[in-house]
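For reference, the structure discussed in these notes is given below.
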Amino acid sequence: QVQLVESGGGLVQPGGSLRLSCAASGSIFSIDRMTWYRQTPGKPRELVATSTSGGSTTVADSVKGRFTLSRDNAKNTVYLQMNSLKPEDTAVYYCYADGYLLGDSAFRSWGQGTQVTVSS
C-alpha cells in the first residue's frame with residue numbers, strides 16, 4: 001500500500017502563488033510517475049503536470065509558464081509551484097503516483113485531494 005498525502009492548498013487572490021506538496025509513503029521500491037490532476041464540478045479530471053523517474057516533466061498548456069513541477073526522489077515527494085494564479089485555476093488538486101512496491105508488485109495511488117480557490 002502506498003499513501004499519498006497532499007498539502008498546501010487554500011484561498012489565494014488572483015495573481016498570487018501557492019505551493020502544493022505530495023508525499024508518498026509505504027512499502028515503496030520505486031516510483032515511476034508522480035502527477036498532479038485537477039477537477040472542478042461537472043468536468044473531467046484534467047492533467048496539470050507530470051514527472052517521470054527519468055526526470056522528464058510535462059506541464060499542461062493551460063498552466064505552462066505559470067506552474068512548475070519539481071520532484072525530490074529521496075523524499076518521494078513532488079511539488080507544484082503555482083504562480084500568477086487565475087480564478088479558472090480553482091479546483092480540487094489530486095496527486096497520483098505509480099511504480100513498484102517492495103516484492104515487485106505494481107501500485108497506483110491517488111491522494112485525497114486539496115482545494116485551491118483563487119478569488120478576490
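All values reported here derive from a predicted model rather than from experimental measurement. Throughout, residue positions are numbered sequentially from 1 according to the sequence presented.
Rounding to the nearest 0.5 Å gives a distance of 9.5 Å between CD of Q81 and OG of S21. For the atom pair R45 CZ and R38 CZ, the distance stands at 13.0 Å (nearest 0.5 Å). Atom CG of N76 sits about 8.0 Å away from atom CZ of R71, to the nearest 0.5 Å. Atom CD1 of residue I28 and atom CG of residue L101 lie 8.0 Å apart, to the nearest 0.5 angstrom. The structure places CD of Q3 at 7.5 Å from OG of S109, a figure rounded to the nearest 0.5 Å. For the atom pair OH (Y37) and CG (L47), the distance works out to 4.5 Å, reported to the nearest 0.5 Å.
The cluster map of Ile, Leu, Val, Met, Phe, Trp and Tyr, joined by side-chain heavy atoms under 4.5 Å apart, puts M34 and V2 in the same cluster. Y96 and W36 fall into different hydrophobic clusters, where Ile, Leu, Val, Met, Phe, Trp and Tyr residues are linked whenever their side-chain heavy atoms come under 4.5 Å apart, directly or through other members. Hydrophobic clustering (ILVMFWY, side-chain heavy atoms < 4.5 Å, transitive): V12 and Y79 are in distinct clusters. Cluster membership for L69 and I31, using ILVMFWY side-chain heavy atoms within less than 4.5 angstrom, is shared.
Counting non-hydrogen atoms of neighbouring residues, nucleotides and ligands closer than 6.0 angstrom, the OH atom of Y100 reaches no more than 12 such neighbours. At most 12 non-hydrogen atoms from other residues, nucleotides or ligands lie less than 6.0 angstrom from CZ of R108.
Of all non-hydrogen atoms in A24 and L4, the two that sit nearest each other are CB-CD2, 3.4 Å. Nearest heavy-atom pair across E6 and Y93 is OE2-O, 3.9 Å. Smallest separation of non-hydrogen atoms from S17 and N83: OG-OD1, 2.9 Å. Residues G8 and L18 come closest through the heavy atom pair O-CD2, 3.8 Å. The two residues P14 and S119 come nearest to each other via the heavy atoms CD-C, 3.6 Å. Minimum interatomic distance between V59 and K64 (heavy atoms only, all atoms of both residues): O-CE, 3.3 Å.
Contacts of Y94 classified as ring-ring contact (aromatic ring centres under 6.0 Å, His included), with partners at least two apart in sequence or in another chain: none.
Residues S62 and E88 have side chains that never bring a donor and an acceptor to within less than 3.5 angstrom of each other.
By the 4.0 Å N-to-carboxylate-O rule, D89 lies too far from K86 to be salt-bridged with it.
Here the options are L20, L80, T90, V92, the test is side-chain contact (heavy atoms from CB on, under 4.5 Å), and the partner is V116; only L20 passes.
Counting heavy atoms from C-beta on, the side chains of T35 and W110 never come closer than 4.5 Å.
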